[in-house]
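Any value given below was found using the heavy atoms of this structure, including those in side chains, with hydrogens, waters and symmetry copies removed. To find a chain, count down the sequence lines: A is the first, B the second, and so on, and within it residues start at 1.
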Amino acid sequence: MKIYIEDIAKYEGQTITLQAWLYNKRSSGKLHFLQLRDGTGEIQAVVFKGNVSDEVFELSDKITQESSVEVTGTVKKHDRSKIGYEIDATDVKVIGESVDYPITPKEHGTHFLMEHRHLWLRSLRQKAILRIRHRIIKSVRDFFDNKGFTLVDAPIFTPNACEGTTNLFKVDYFDENAYLTQSGQLYMEAAAMAVGKAYCFGPTFRAEKSKTRRHLTEFWMVEPEVAFFDIYDDMDLAEEFVEYIVQEVVKHNREDLEVLERDISKLENIKRPFPRISYDEAIEILKKKGNDTEWGADFGGDEETLISEEFDKPVMIHHYPMAIKAFYMKQEGDKAACVDMIAPEGYGEIIGGGQREEDIEKLKAKIKEQGLPEEVFNWYLDVRRYGSCKHAGFGLGIERTVAWICGLHHVRETIPFPRLMDRLKP
RNA sequence: UCCUCGGUAGCUCAAUGGCAGAGCAUUCGGCUGUUAACCGAAGGGUUGUAGGUUCGAGUCCCACCCGAGGAGCCA
C-alpha cells in the first residue's frame, strides 16, 4: 500500500518507502538532509554516508530542487522536526529529474510567480490556500445538502444579459451571439419553482476592465434561491450559511490558517447574529466618519471598508435605493428589498442578493424602463405567469470569501489558475 | 478607460550624468545534525524597445511596450 507523509506516525520504527518531491536540501560533510514533500505533508530524510552505498550518497549530493524521488528508510522520532519524525535513509532513487527549477527558496515578485503559477502551486502557502478553498467549497455543498436544497446547474452559455448593464464575454454560437454567464440567478428562480430550494454553483464571467485586488474575469459563485422566502428569510439564510463556512474552516484547517499567519480568533468570532443595517443607516455611518457619499449613490470599495470597520462580523446592508439596483429586485417604495453582505477587515462585498419581483406587470415595466429586450426575458416572465410567488436568494463570491478567510490581499491567489483582465496564462 | 509608481544577471534589488555591483540560484571545493544552513571559489549583462540631449546616459527628454498599486463597476 502507498505510504503518505501525513500517516508517517503509524510507521515509527519501521522501514518504509516514500514517493515525494525534493523541495530543499542541506549538506554537512558526511550528511545530506533531504526536505521532502508529497502533497500530504513535509518530512526530512537524513542520508548518512555510513548508512548508504557510495553511489546513493553521491546521488543525494546531486539531486536538484523539485526532482521526484523514492526514499527508503526507517521512520524515527525526532524532536526538532515539525511533524515529530524523520527518515533515516538507506536508499534514494530519482524518479524524474528537475533541471533549473525557476522558483528558488527566496523572494520572488508577484508577476514572476504568476507566470509560473503551475509551479507556484507547489509552495506551502499556495497549498494551504488550495486546501482552504476546497474546504469552503465542500462546506457550501454540505450546508445546502443538509438543508434539503437541490443542486440545479445553470448554463454557461446564455442568450441574454441577466443584469443588462455589465460587460459580458460575447462568443460566436454558430450563427448567433451568445454570452458567457454572469449569474445563474434567473435560472435558479425557475428552478426554485420546481424544487422549492435550489442552488447552483459554478464559474461566472465578467468582461469588466477592472484592475483591482477584488476582481477576476472568471470567478466561482454559489447562488441559492428559495420559493416563498422574503428578504428577512434571505438574510437569516445568508448569515447561517457564512457562519457555517467560516466555522468549518476553523475546525478543519487550523494548520493551513497558521501557515498563512491568519488571526484565527477573528474567524472564531464569526457567529450569528450578524449586524443588519439599512442603506439609510449606512449613509449615516459614512457621514459620521466624514465620508460625503450622497443618498442615492452606490457604495465603492472605500465606503464598504469604512462601514465594515464599525463591526467585527460581516455586516448586512439592506434596502438600497431602487434606482441603483437591477430590474428583477422587489420594489418597496423607493427602496429595493435587497441585501449586500460586507466582510470584515476590509475584504469587501461577499454576498449580494434579495427578494425578487413576483408581479409580472411591475417586472415588465422595469424591463421596459431599463431599455432591456422583453423577448429574451419571455421565459423568465413565465415564472410569474404560472403560479408566481414571493421568492428570494443571493450569490456568494467564492474567491472573495477565500481571500477573507485566508487573509489574502488579492483574489488572484484564491483560485488555482486566475483569469484577470490582462492574464490568460498559464 | 483614467491616475500614480516602476522595468538593471535566472530571481530579489543597488549604482551623485563619469570603470554595471551585491545576495540568492547555478557549477566546483569544504564541513557528522542542517532548519530560507554555513564557509571558500567560478561562470553569468546589447540596463524593456526605438529615437533624442551630452565629451560622456542605467541615470535627463520624447514615444511605444510590459508590469505593480489604486479608481470607476461589481461577487
Once you apply a heavy-atom cut-off of 4.0 Å, does [X] come out as touching a base, just sugar-phosphate, or nothing?
X	answer
A:Thr401	nothing
A:Glu115	nothing
A:Gln44	base
A:Thr64	nothing
A:Ile351	sugar-phosphate
A:Ile350	sugar-phosphate
A:Asp340	nothing
A:Thr104	sugar-phosphate
A:Tyr101	nothing

(request) For the residue pair A:Phe394 and A:Phe144, categorise the inter-ring angle as parallel (less than 30°), tilted (30 to 60°) or perpendicular (more than 60°). (result) tilted
(request) On the 0 to 90° scale, with breaks at 30° and 60°, tag the A:Trp295-A:Tyr279 ring pair as parallel, tilted or perpendicular. (result) perpendicular
Protein-nucleotides 12-15 of chain B N/O pairs closer than 3.5 Å?
from, atom 1, to, atom 2, distance (Å)
B:U12, OP1, A:Gly109, N, 2.9

(message) Quick test of the criterion, 5.5 Å between centres and less than 30° between planes. Is A:Phe219 stacked on B:A75 or not?
(response) yes
Quick one: [X] [atom1] to [N] [atom2], roughly how many Å, whole number?
X	N	atom1	atom2	result
A:Phe33	B:U32	CZ	P	11 Å
A:Phe205	B:A75	CZ	C1'	14 Å
A:Met421	B:C66	CE	P	11 Å
A:Leu124	B:U35	CG	C1'	13 Å
A:Lys49	B:G30	NZ	C1'	14 Å
A:Asn24	B:U35	CG	C1'	9 Å
A:Glu42	B:U34	CD	C1'	17 Å
A:His409	B:G69	NE2	P	6 Å

(request) Would you please indicate if the ring centroids of A:Phe112 and A:Trp120 are separated by under 6.0 Å? (result) no
Considering residues at least two apart in sequence or located in another chain, which fulfil the salt bridge (charged side-chain N to carboxylate O under 4.0 Å, His left out) criterion with [X]?
X	value
A:Lys289	A:Glu309, A:Glu310
A:Glu189	A:Arg384
A:Lys30	none

If you check the [X] side chain, which of [options] turns out closest?
X	options	result
A:Asp302	B:A71, B:A75, B:U34	B:A71
A:His410	B:C74, B:C31, B:G69	B:G69
A:Ser27	B:C31, B:U32, B:A75	B:C31

Distance between the [atom1] atoms of [N] and [M], in whole angstroms?
N	M	atom1	result
B:G72	B:U4	C1'	16 Å
B:U47	B:C19	C1'	15 Å
B:A9	B:C5	C1'	24 Å
B:G17	B:U59	P	11 Å
B:U8	B:G58	C1'	6 Å
B:C39	B:G6	C1'	37 Å
B:G67	B:A42	P	38 Å
B:C11	B:A25	P	15 Å

(message) On the side chain of A:His116, is there an atom forming a donor-acceptor pair with the base of B:G10 - under 3.5 Å, no angle test?
(response) no
(request) Mark yes or no for a side-chain to base donor-acceptor pair under 3.5 Å between A:Arg400 and B:C74, with no hydrogen or angle criteria applied. (result) yes
(request) Please say whether more than 12 non-hydrogen atoms of neighbouring residues, nucleotides or ligands are located less than 6.0 Å from CD in A:Glu332. (result)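 For A:Glu332, atom CD is crowded (more than 12 foreign heavy atoms under 6.0 Å).
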(request) Could you run through RNA chain B and flag its stems, i.e. three or more consecutive Watson-Crick or G-U pairs with both distances under 3.5 Å? (result)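 Stem segments, range with range: B:1-7 with B:65-71, B:10-13 with B:21-24, B:26-30 with B:38-42.
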(request) Tell me which of A:Glu218 and A:Lys30 sits closer to the 5' end of RNA chain B, going by the nucleotide each one is nearest to. (result)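 Residue closer to the 5' terminus by nearest nucleotide: A:Lys30.
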(request) Please figure out whether A:Gly395 or A:His32 has its closest RNA chain B nucleotide nearer the 5' end. (result)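 Taking each residue's closest nucleotide, the earlier one in sequence belongs to A:His32.
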(message) Contact between A:Ile5 and A:Glu42 at the side-chain level, heavy atoms closer than 4.5 Å - yes or no?
(response)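 The answer is no; the side chains never approach within 4.5 Å.
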Any salt bridge between [X] and [Y], counting N to O under 4.0 Å?
X	Y	answer
A:Glu345	A:Arg262	yes
A:Glu243	A:Arg272	yes
A:Glu268	A:Arg254	yes

(request) Tell me whether the OP1 or OP2 atom of B:G70 has a side-chain N or O from A:Arg213 closer than 4.0 Å. (result)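 Indeed, a polar side-chain atom of A:Arg213 lies that close.
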(message) Can you tell me if A:Arg423 touches the phosphate of B:A68, counting only side-chain N or O atoms and a distance under 4.0 Å to OP1 or OP2?
(response)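 A:Arg423 to B:A68 OP1/OP2: no side-chain N or O under 4.0 Å.
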(request) Scan A:Lys271, A:Arg276, A:Lys313 and name whichever one has a salt bridge (Lys or Arg N to Asp or Glu O under 4.0 Å) with A:Glu239. (result) A:Arg276
Residues 9-22 of chain A, side-chain donor-acceptor partners within the protein, below 3.5 Å, at least two apart:
from, atom 1, to, atom 2, distance (Å)
A:Thr17, OG1, A:Thr72, OG1, 2.9
A:Gln19, OE1, A:Lys2, NZ, 3.1
A:Gln19, NE2, A:Glu70, OE2, 3.1

